[in-house]
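Note sheet for the following structure.
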Number of protein chains: 2
Amino acid sequence: MKDVARHASVSVSTVSYVLNGTGPVSQERRERVLEAVKMLSYTPNEAARGLRQRSAPTVGLIVPDLTNPYFAMIAEGVERYSSERDALVVLCAPEVAGTSSSEPTTTRLLRSQRLSGCIFLSGASAVPRSLMELTELGPVVLVDELLPGFGLPAVVSDNRSGARAVAAHVLSMGHRRVGIIGGPSTLWSSHQRLAGYREAFASGGIEPDSIPLEVGDYRQESGFDAARLLMARSAGSDRITALVCANDLMAVGAIEYLRSQSLRVPEDVSVVGFDDVPFARSLTPRLTTVRQPAHDMGARAAELLFSLLENPDMSPPDYEPLPVELMVRDSVQPPRA
Amino acid sequence: MKDVARHASVSVSTVSYVLNGTGPVSQERRERVLEAVKMLSYTPNEAARGLRQRSAPTVGLIVPDLTNPYFAMIAEGVERYSSERDALVVLCAPEVAGTSSSEPTTTRLLRSQRLSGCIFLSGASAVPRSLMELTELGPVVLVDELLPGFGLPAVVSDNRSGARAVAAHVLSMGHRRVGIIGGPSTLWSSHQRLAGYREAFASGGIEPDSIPLEVGDYRQESGFDAARLLMARSAGSDRITALVCANDLMAVGAIEYLRSQSLRVPEDVSVVGFDDVPFARSLTPRLTTVRQPAHDMGARAAELLFSLLENPDMSPPDYEPLPVELMVRDSVQPPRA
DNA sequence: TTGTACGCGTTATCAC
DNA sequence: GTGATAACGCGTACAA
């Protein structure tokens, strides 16, 4: 910066004025400065800038499992929006239980002021105890999941009505004996989806409490296991004819189990999912599911975080779930006989 | 830090000595310092530290498409290794052509010294012109792709022998009329795989030049299109009986096209892929493919970058491709008739 | 062994 | 309008 000032025959403060748009500078000098900047291909040192301003435009993105395409899409949304705002996105994998030292990396990072705030993509089963510490260090925005009791701002989609829609569709195809594979009971989304399913079935005249339910952890293997338990429970002539799964990955696992038992999908058992991950439509049969605006959710979470950063004691805006969309494909067919 | 010094009744330098392990400090004072640090829950300001040391332990991860599970796995590997080293991983999506301002974000970032180096996951079709600038600003490590002529260190897998292995498997099942869906011709991996396929077919007595080839861009849609072109070329009785695809996503696209033409997979046409993305084994039929050690590749790339950072003028180590594994599943069956 | 003082590159506060 | 100059929080020669 000194060099630039020298080349332009001005003082460093003038250079700063020009670059930050703060302070009045004569047209002539401004041009000289800009020219010098270009000549020397000068770029401000962000470390120094952050040092002075006590903050760096950097958002932490805590994501449990990038391999889940749904999460990856949210991450992309966050990245896209943030990079437009010239902010860095730092990837944080949460601690693997047991592996961690006494203090979670994420907390250490936020504390060391390398992160201005973070976006928390919970998705995994439980709420890390470190979340409370996190919130004391900077703004935290939740995506995809609500944490009742924490009062944290969140961007989520309308899980409940999505669940209602997909269950209603199953009903409308004539299924009466259904089973539900739910998500982790600790998660808000699991409850919402379950509630949605039950509402739909209830209004179709099916007693919600009579519907067999198994809970998984949103991963494929757990779908396999849950399907096994569910099918074992309903032997004989009143075998389940449709499996309603709380996400796509578990639906895939369920299908795998059904096939391993020589049950055909959808002829013998219909299956639906939730999320609409990219490969859902490439499965055989193409998976009926609920599309969540993953990309958009990521972007909005970032947007929310930035406004929180600019206006620290802003009250979190009214929470309004984003709309979802039922994707009717061919993994649901009328039950036979 | 001043506070800590005061609490421990020592000078700031002593605190610094203790924290960085540099300089000799008496046992007694050391303990006092550590206690004060804990009491005040002090954490060094990384901005200041970076300012002083002219570097921050931060690696940029440039990834074209997180939605591709294969890339996501590599990213996870990078994250895992880096966080063990207390380094941040910054996610960079490359510029979308046309969207960008004159200067790519990535370059700006590296130049502004917020990144100490970066890991380049090319995968996409072309080499950004900004790569050269990048290399001047800090160490760059390539993953999954080699860029001949740049002399950049890289971590890749043995694409060629993997390709040879799948192709050999297709041959061994009795296929003689095969078609190849290759990757972007600008990419090293595409050439390697193509070479591998041809070697295998040649040693099976099939003239490599006679094998129909279409090129895609590693994305699903392009697989669909390529399959269409390939099948159109081989009408009638010598219709292709097996499609060898340079990655899983294109294989999925190809299968989709075949089905749209009422061709059954694998009864009418066998299909193989490359990468072994997680859902490959959940497709119907389960996709025969080549597993690349994605996670490991990410970790090794990070490892390489760190050693380059510590030892700037180290010569890039001998390049040795990581082994891959043929995953035989049921998308390949003997041709009928 | 410990403390003092300076510099890292910026920005903000003041005089001019 | 412009230019000195003092922070920002840390590392580290150097003096004590």
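Below, chains carry the letters A, B, ... as their sequence lines are ordered, and counting in each starts from 1. Worth knowing before you read on, the calculation uses all heavy atoms, side chains too, and leaves out hydrogens, waters and symmetry mates.
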Phosphate oxygens OP1/OP2 of [N]: is one of them under 4.0 Å from a side-chain N or O of [X]?
X	N	value
Asn20(A)	dT11(C)	yes
Thr14(B)	dG3(C)	yes
Ser16(A)	dT10(C)	no
Arg29(B)	dG3(C)	yes

Rounded to whole angstrom units, what separation is found between the [atom1] atom of [X] and the [atom2] atom of [N]?
X	N	atom1	atom2	answer
Tyr42(A)	dG9(C)	OH	P	10 Å
Gln53(B)	dC10(D)	CD	C1'	8 Å
Asn45(A)	dC10(D)	CG	P	16 Å
Tyr17(A)	dA4(D)	OH	P	12 Å
Glu46(B)	dG9(C)	CD	C1'	17 Å
Asp3(A)	dT10(C)	CG	P	10 Å

Indicate, yes or no, whether a donor-acceptor pair under 3.5 Å links the base of dA4(D) to the side chain of Ser13(A).
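Indeed, a donor on one side and an acceptor on the other fall under 3.5 Å apart.
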
Side chains of Thr14(A) and Ser11(A): do they bring a donor and an acceptor to under 3.5 Å?
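Result is yes, a qualifying pair exists.
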
Do you see a donor-acceptor pair shorter than 3.5 Å between the side chains of Arg114(A) and Thr58(B)?
yes

Could you pull out all donor-acceptor pairs under 3.5 Å where a side-chain atom in residues 294-303 of chain B meets a protein atom, sequence neighbours excluded?
from	atom 1	to	atom 2	distance (Å)
Asp296(B)	OD2	Arg300(B)	NE	3.3

Base, sugar-phosphate, or nothing: which does [X] touch, judged by heavy atoms less than 4.0 Å apart?
X	value
Arg52(B)	base
Met1(A)	base
Ser26(A)	sugar-phosphate

Between Ala48(B) and Val12(B), which residue's closest nucleotide on DNA chain C lies nearer the 5′ terminus?
Val12(B)

Given dT2(D), dG3(D), dC10(D), identify the nucleotide with an atom nearest to the side chain of Pro24(A).
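That would be dT2(D).
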
Val155(B) versus Leu322(B), closest heavy-atom pair with distance:
CG1-CD2, 4.5 Å

Knowing that exactly one of Val63(B), Ile62(B), Val141(B) qualifies, which makes a side-chain contact (heavy atoms from CB on, under 4.5 Å) with Leu121(B)?
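For Leu121(B), the side-chain contact (heavy atoms from CB on, under 4.5 Å) test succeeds with only one of Val63(B), Ile62(B), Val141(B), which is Val63(B).
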
